[in-house]
Amino acid sequence: MKRYSAFAVAREAVRYHSGWERAWRKVEPKKRYDVIIVGAGGHGLATAYYLGKNFGITNVAVIEKGWLGGGNTGRNTTIIRSNYLQDPSAAIYEKARSLYETLSQDLNYNIMFSPRGVMMLAQTEHEIRGYRRTAHANRLQGVDTQFIGPARVKELCPIIELKGPRYPVLGALWQPRGGTARHDAVAWGYARACSDMGMDIIQKCEVTAVRQSGGKVTGVTTTKGDIDCDKLGIVVAGHSGVLAEMAGFRLPIESVALQALVSEPIKPVMDVVVMANTVHGYMSQSDKGEMVIGGGADGYNNYTQRGSFHHVEETVRALIETFPMISRLKMLRWWGGIVDMTGDRSPILSKTPLENCFINCGWGTGGFKAIPGSGWGMAELVAKGHSPLTAEFGLNRFREGRFIDESVAAGVAH
Amino acid sequence: MSTRLPTQGRLINRDRDVAFTFNGTRLTGHDGDTLASALLANGQTLMGRSFKYHRPRGVVASGSEEPNALVNLGEGDTLEPNQRATTTEIFHGLKATSQNHWPSLDYDIGAVNTLLARFLPAGFYYKMFIHPRPFWKYVYEPFIRKSAGLGKAPAAEARDPDRYEHFYAFTDVLVIGGGVAGLQAALSAAQSGAKVLLLEQTPHWGGRTPVDGGTIDGKDAETWIAETVAALDAMPNVTLRSRTVGAGVYDHGYVLGYERLTDHAPEDRGPRHRLWRIRAAQVITATGAIERPLSFAGNDIPGVMLAAAMRDYVVNYAINPGDRTVIVTNNDDAYRTAIALHEAGLKVPAILDARPNGGGALMEEAKALGLTVKTGAAIAKVKGHKAVHSVLVTQQDSDGSETTEIFCDAVAMSGGWSPVVHLWSHCGGKLTWDATQAAFRPDHDKAPTSHDGQPFVIPAGSADGEMNLSAILQNAAKAGQTAATRTGADKSSDAAPTAEAPDEAPLAPVWMMPANAPLKLRAKAWLDYQNDVKVSDVQLAAQEGFESVEHTKRYTTLGMATDQGKLSNINGLATLANALGEDIPQVGTTTFRPPYTPISMGAIAGEARGDIFQPIRKTPMHDWHDANGAHWEPVGHWRRPYAFPRKGESVKDAVNREVLATRNSLGLLDASTLGKIIVKGPDAGRFLDMLYTNMMSTLKPGNCRYGLMCTENGFLADDGVVARIDEDTFLCHTTTGGADRIHAHMEEWLQTEWWDWKVWTVNATEQFAQVAVVGPNARNLLEKLGGMDVSKDALGFMEWKDGDLAGVPARVYRISFSGELSYEIAVPANLGRAFWDKLLEAGKEWDITPYGTEALHIMRAEKGFIMIGDETDGTVIPQDLGLDWAISKKKDDYIGKRAQARSHMTDPDRWKLVGLETLDGSVLKDGAYAIAGGTNANGQTNTEGRVTSTYYSPTLQKGIAMGLVLNGPDRMGEVITFTDGGDDTKTARIVSPVFYDPDGEKQNV
């Protein structure tokens, strides 16, 4: 693989960039792999990458029904934070956040991690108490967050209205090392690195059956034929239920549409990410200049990547109250993705009733920020059968009532 | 320099001048001008700078597809960035500035990027700025951010002075687009008897047809349009709205319309924008077609314009776009521009037709006018920088190495037409590739379907791929009739009018000009003008494996600009298909997403802003609280008094005073915000037995019972006192924040699971004012008011009674959340304030003291009562809180019962509720954690508990707290350490959570 650098770009410029090779090889599936990952989104690709990097397992195929990174990896609002309340969540999200810090260098691909800081506004006494508690928990978990007062909020984000007529801003939970990254680049960077390790990324290849024998997985049937494997990882977010059904088990997952939108681009005006959970909305500004906006998930289940207007209406309304200067900006584009929600709104990274078949799903509205940590833990789980990062996220927790509920800390989609 | 032509200009009124400014310069246009036409009339062809390379940009289109001519409109509070000059109607005093340059539009430092363009191809930033790591945050990104962005950001303190509104509309047939197709479709549907709503995004009806010419029913097009609009206007079942764009089509015929009411006349009163929320049985998309640019080197230089747009400027606005205009085309339509320019007296040195055999009747007409037509010809390159200097002409079927130069100051290009299929596609309509016209058109077999599985969108006219005037009208009439028939309308409509327009020869697809252009030319051939995506960028993406059209879009940013690829997408994906050696339909399009054109955030929010964003709910006593110094706290949608500090008194001191006054004599609390849900019906008891963990069906009328509600997962969700009013009526009190949620929870279960149970619920929270009269003198006060017997024997603890107090009808509950003798009295809301005043007056002799939520919290904590949201956080079950006594063992089931039987829930080693007392009497930190020692497998500090409520108790004069601690109740007396994770640590002893009057002697008197 040719390494990317400013020098390489300059060298190629001379010949009009005719020498750049493919970012990932175009391949047809082999007959057999040690591990097959279904789903070439961020989580699937990261799982493959750390299988190779941490465990030397490189006879790996990542199979994708559509185009890589085309699901929620390419549809989210790119927020990265780890200010979670419960220990297992804080562990995996902080692992992800810390891996993001050096991911551009690790992958030799600029994923533009921008640790610009994330704040969650406290707009009721109850939220103040909740975020103070989270800050205490975070410190014990090794996550750098702090509770800040309104003056500091205004200093960090001058476009906030502190004294809105409805919900004054009373403070915020501030994570200075949270931020954003270029979402597509995360998928592309991992794909390029996986391909470079000799892994096969097979796009436009749909899995139609999971093959098994004696309670163990033996391979998959795809639109490009049968492919054998020793181990199978299912990492397909919104369509997890469909794949699980093929593998013969059921999941406590509901799929709903989550929407996001961007304004037309304007010159930089907001350097941090702000989440306002009381009024249900969050906003940041992309490096391109667009205000990137998200809000709540739809209340009913479906698989269309659209969504309903009333959520967008509520979100925009909430954000105009929080940032009145956006009123005369215009909404440029508005889209939806399908998020897979569990009963406790925390993910599933788990063995399954089918031996050697593993599943990683249920990230709901918060998957992008977790990609490197999720891949790291999932790779360990697949390779060794156990990972401290994933230990609490097993499927059994629903049967045992061992929920990891973040509703206190993240009562809003994000 | 462009000037106004002496003739033409059907949309402008030359008798009325309009003064405006552009970059501070005073200019004059005419009434009817768009900002773009007015700028052109003033010779201002340079209107902006592109996003990436800061290339000079002039207007290229004449409608909402314009990617270049974007301006900052207005200033200060009314600044609106990225406003399209082509759709901005000018008005007196309009102020516009150009965007994305420094120091000025003419001299822009950022244009250095043009020189560096070779080093900045598609996706260059993914390959660079990787090392050294800190440079990304501190050097590279700040620089990129600063140079990116487009329009000017409104100031942080800008406050939009305008109003916006939402409007709900229901119609049988919604027609989007008021060109001849839309007018005909609306007419046919209306004649069939359907109720019709017709939207047009511009201020004018008829679309392109008045400019393009042709006759309809033997009349000139303009006459037919005027007559048809008048006919529609006269029909009672038709509503017409211009300046209203169909922004998005959603499931089941839901459509958003965006009406710009006063943008063209800011002095007018009324809302600025109106968002139409339309529910239509059938939607007709008569959205027209958009002309495609041609991809040749230098096609982005100001002065290069779409052929039809140039015709618009000549015919509609009498603009001279250039004294010498070269036409370049692959179809017949552009000849109309040549003819229009010629008729306006302007020179057309050459018409370059890429087709080897040229065109049909229109070509012959042009030739007959003496115009030069070169067939099989192409532009190899446009020379110029901020304006067109000349074109280098070559053969289309060549590599562009052999050229001849033609001097000119404008170029009109046409690459064919793409039907506007956006609205058809928003809700799932599929497309089919029309090889003849080289365009995607709606696939009628795969229309968007509604709730009944039947199609609900019909494309009409050129939006359906019809390009001939007669065919357009036929197609539109049929669309109108079909739509009306589907809605049940059964009248017959008139046949479509006949039209006459010249037959056109087929176009020849031209995706690169010349066909074999070398890289050097391809790197100067623009696809996306705003984002600076060139043919070479798309080819690079394909070369690097970004083969999906979505990958290419995201890698190159093609089509991601403010025009969302209206001009660039088809050319881009044809380029991609060629690079991949695939057919265009195989590559497919990117997803068409709403809105069709950007709509203002203000319009989306509508009226609900400021004070009415989420109206503050007020109890009948709210104004009294306000007048008596309430320190407010937002709780749910209410504001509740946190405390009533007196002059010079701190909030903290006020809280302590209120607690002591209540404990020692008499306190008064406005408890009106507590949820009050009436549950009624023969099955009400059975229903509440399922809803609450304890038994409610056995409650006797006249009695009250404290109850707990859990989620399906077993977690405690709400609590409150239930009173049985009569045999089949219960009144359930909920927490303030929980009222709406719990009511919805009840309804969800009733409507989805127990729909055959005879139970009705109503949220009567606001029907009552409720006051808690609390303290040793509470009974004395009520007896003084008189009207009913409230003695211990007549009204025991946990009983209620209807009666009369001081002449006010009242329902008195003898319940206590403070541990004191306490009555909660509900009176009709409209008598609430009067009743409150009577209590205050009569209570003077006992120094009656109104108290707020904080005193309420402290008193309940002193008494060891839990608070939903403090002791609970969605992860706590009643058993954790020592509330096992409130869980019925007799019932077969209740919501949460099965969940609470799961192994982790019944695990004896859980964090459970205890009281906590610091050894030094100080107050523990809210949300502090108890450290267990060591770390877990992920390196996190182990914990064994946390503080859930913590207060200074003025009654006990020390800090008291409640908390959840591992096996807490079994560890009474043990001392454990709490921390905030930092340096703050405190030791506390585990004690009973009931700090005050453990035997209940104070409340049972």
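To find a chain, count down the sequence lines: A is the first, B the second, and so on, and within it residues start at 1.
- Checking Ser903(B) against Glu400(A) by side-chain atom types alone, no donor-acceptor pair falls below 3.5 Å.
- Residue Thr278(A) does not touch chain B at all, counting heavy-atom pairs closer than 4.5 Å.
- Per-residue counts of heavy-atom pairs under 4.5 Å with chain A were compared for Tyr555(B), Tyr254(B), Tyr140(B), Tyr642(B); the largest is that of Tyr555(B).
- Looking at Arg116(A), the atoms closer than 4.5 Å to chain B (heavy atoms on both sides) all sit in the side chain, from C-beta outward.
- When Gly606(B), Ala542(B), Ala937(B), Gly610(B) are compared by the number of non-hydrogen pairs under 4.5 Å with chain A, Gly610(B) comes out ahead.
- For Glu712(B), no part sits under 4.5 Å from any heavy atom of chain A, backbone or side chain.
- Looking at Val312(A), the atoms closer than 4.5 Å to chain B (heavy atoms on both sides) sit in the backbone and in the side chain alike.
- Annotation: side chain to side chain contact (heavy atoms under 4.5 Å, CB included) contacts of Asn938(B) (sequence neighbours excluded): Ala91(A), Pro388(A), Leu389(A), Asn936(B), Gln940(B).
- Note on ring orientation: taking the six-membered ring where Trp is involved, the planes of Phe546(B) and Trp24(A) are perpendicular (angle over 60°, cut-offs 30° and 60°).
- By the side-chain hydrogen bond (donor to acceptor under 3.5 Å, both in side chains) test, Ser548(B) is found to be paired with no residue, residues two or more places apart in sequence or in another chain being considered.
- Counting heavy atoms from C-beta outward, Cys157(A) and Phe323(A) have side chains that approach closer than 4.5 Å.
- By number of non-hydrogen pairs under 4.5 angstrom with chain A, the leading residue of Ala561(B), Pro154(B), Pro598(B), Cys427(B) is Pro598(B).
- Side-chain atoms of Gln99(B) and Asn82(B) form a donor-acceptor pair, as typed in the model, at a separation below 3.5 Å.
- Of the listed residues (Thr935(B), Thr78(B), Leu540(B)), the one with the most heavy-atom contacts under 4.5 Å to chain A is Thr78(B).
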